[in-house]
Protein chains: 2
Amino acid sequence: MNTELILKNVSKHITLNDAERQFFLSMLESRFIKRKELHLKEGEVCKHSTFIVSGALKGFTIDKQGIEHVINFAIKDWWIGDMYSLISQQPGILNIEALADSEVLMLSRENQHLLYEKVPKFERFFRIIVENSLVASQQRLINNLSLTAEERYLEFMKKYSSILEYAPLHTIASYLGITPEFLSKIRGRMARKPA
Amino acid sequence: MNTELILKNVSKHITLNDAERQFFLSMLESRFIKRKELHLKEGEVCKHSTFIVSGALKGFTIDKQGIEHVINFAIKDWWIGDMYSLISQQPGILNIEALADSEVLMLSRENQHLLYEKVPKFERFFRIIVENSLVASQQRLINNLSLTAEERYLEFMKKYSSILEYAPLHTIASYLGITPEFLSKIRGRMARKPA
DNA sequence: TTGTTTTCTTAACCTAGTTCAAGGTTTTAG
DNA sequence: CTAAAACCTTGAACTAGGTTAAGAAAACAA
């Protein structure tokens, strides 16, 4: 189990002593996910918060017309999960799939609650993680409401360039809220008369 | 200061003893906001989390073309604030304005941190509040990506009917991500051939 | 009470983005 | 190495929703 990265991630917001660190690590479960493998399937109850050690995943829903909508990406050093299902313990609507072979560390809901009991600092840690997710989610909403598709694509490349290595065009189009054909057209336009 | 509602709100997630309750209440500041009055202006640093005792507020941004985008509403028993500015202490992009005469209770960032020190349970309380906001924000993203304007309007009426009493049509249109003219058209259509 | 502002509607025309279809290229699995 | 699958591009026809404009109705301030 490769724990260096997650310990560094935690230490960004809280400080652990040796015993706490050991206890935290004992709560984690390592897993390797192959490219295209589903880590979480809609309809299931989400039982873990997942930290990405290497690789990349996408979270997505499928609407009534069978169209896939990418809700978020997660790469090295990020957390992912179906927050709705995780807190309500109801069947979720999120699918989580690997974009590349990935190593993740999983913290089960029960262990997370144990952690809150034994090391209350983790309440703070996850509060901050969730706060940051909320800011990102709201910023994306604002972008979707106020920018054109082309502007959103430029923003995306600026902010998440590392994801371009993992996600094919139609997945990025889905994240941006447009069709793959239209993203292709935008690219063509940009290549012809660049910024 | 009308504290009954906020104490009930807090008690949904954590239990306070008398001293803790008194301490919490001593951290709050009451404010009355007139309809159309700005509670927070973009460019300012957001210094408070705000709990609504009565009335209704909207949070919105204004894009380069001067168009207003409603990010969220807040009514009785909800919290509102510019999370980005609140945690980064950078100038924010959110405006918060009263839709009706409102009474709010404000918890300053400093007091919130004091509260975290003195009564660590509040880390949990605000973690849960933020988790719920994140779920709502993601659900809205999913709706924006996968539903038509008419479907979003129907969803909105089902879920937030109480806001219809406070917000004029053009404000709801902005929240839905469409123009007031188009929402008016949808209404006309729905009136002619109802569900 | 009356002028002013805000709100809502309707209609004609316009456009960003979609749909459908087809062909070409790259990646992958066996 | 090769067939199949996944991926990307382009173009023509289409549509959900936007823009502009103008008028009616309601709410509000003086």
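Chain identifiers are assigned alphabetically (A, B, ...) following the order of the sequence lines, protein sequences preceding nucleic acid strands; residue numbering begins at 1 within each chain.
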May I ask you to decide whether A:E4 forms a salt bridge with A:K76, counting only side-chain N to carboxylate O separations under 4.0 Å?
no

Using side-chain heavy atoms (C-beta onward) and a distance below 4.5 Å, is B:N144 in contact with A:L145?
yes

List the steps, then state whether side chain to side chain contact (heavy atoms under 4.5 Å, CB included) holds for B:L105 with B:V53.
CA-CA 7 Å; B:L105 296 174; B:V53 175; 3.7 Å; yes

When the axes are fitted on five pairs at both termini, how much does the helix from C:dT1-D:dA30 to C:dG30-D:dC1 curve, in 10° steps?
60°

In short, salt bridge (charged side-chain N to carboxylate O under 4.0 Å, His left out) pairs touching residues 98-114 of chain A with sequence neighbours left out are A:K34-A:D101

According to a strict under-4.0 Å criterion, is B:R189 in side-chain N/O contact with OP1 or OP2 of C:dT9?
no

Check for a donor-acceptor pair, side chain of A:S146 on one end and backbone N or O of A:I142 on the other, with a separation under 3.5 Å.
yes

Can you label the angle between the A:F73 ring and the A:Y175 ring as parallel, tilted or perpendicular, going by 30° and 60°?
tilted

Below 3.5 Å between N/O atoms, which protein atoms pair up with nucleotides 27-30 of chain C? Just atom names and distances, please.
| from | atom 1 | to | atom 2 | distance (Å) |
| --- | --- | --- | --- | --- |
| C:dT28 | OP1 | A:R35 | NH2 | 3.3 |

Return all side-chain donor-acceptor pairs below 3.5 angstrom for residues 90-97 of chain B, not counting sequence neighbours, or 'none' if the list is empty.
| from | atom 1 | to | atom 2 | distance (Å) |
| --- | --- | --- | --- | --- |
| B:N95 | OD1 | B:E42 | N | 3.0 |
| B:N95 | ND2 | B:E42 | OE2 | 3.2 |
| B:N95 | ND2 | B:F60 | O | 3.4 |

Please name all residues satisfying salt bridge (Lys or Arg N to Asp or Glu O under 4.0 Å) with A:K121, sequence neighbours left out, ordered by chain then number.
A:E20

Between B:K158 and B:E155 (salt bridge meaning N to carboxylate O under 4.0 Å), is one present in this structure?
yes

Quick one, which residues of residues 168-176 of chain B touch DNA chain C with a heavy atom under 4.0 Å?
B:P168, B:L169, B:H170

Within residues 9-19 of chain B or reaching into it, pairs that qualify as salt bridge (charged side-chain N to carboxylate O under 4.0 Å, His left out) - sequence neighbours excluded
B:K12-B:D77, B:D18-B:R21

Only pairs at least two apart or in different chains count here, so list each ring-ring contact (aromatic ring centres under 6.0 Å, His included) that has a residue in residues 83-115 of chain A.
A:H113-A:Y116

One should read off an interatomic distance between B:L107 CG and B:I6 CD1, to the nearest 0.5 angstrom, of 7.5 Å

Mind calculating the distance between CE (B:M190) and P (C:dC8) to the nearest angstrom?
15 Å

The correct set of residues in residues 177-187 of chain B placing a heavy atom under 4.0 Å from DNA chain D is B:G177, B:I178, B:T179, B:E181, B:F182, B:K185

Sequence neighbours left out, what pairs pass ring-ring contact (aromatic ring centres under 6.0 Å, His included) with at least one residue falling in residues 27-51 of chain B?
B:F51-B:W79

Segment of DNA chain D, first to last nucleotide, that comes within the 4.0 Å heavy-atom reach of chain B
D:dG17 to D:dC28

What residue among B:L38, B:I52, B:L40 forms side chain to side chain contact (heavy atoms under 4.5 Å, CB included) with B:L57?
B:I52

Partners meeting salt bridge (Lys or Arg N to Asp or Glu O under 4.0 Å) with B:E150 (sequence neighbours left out):
B:R189

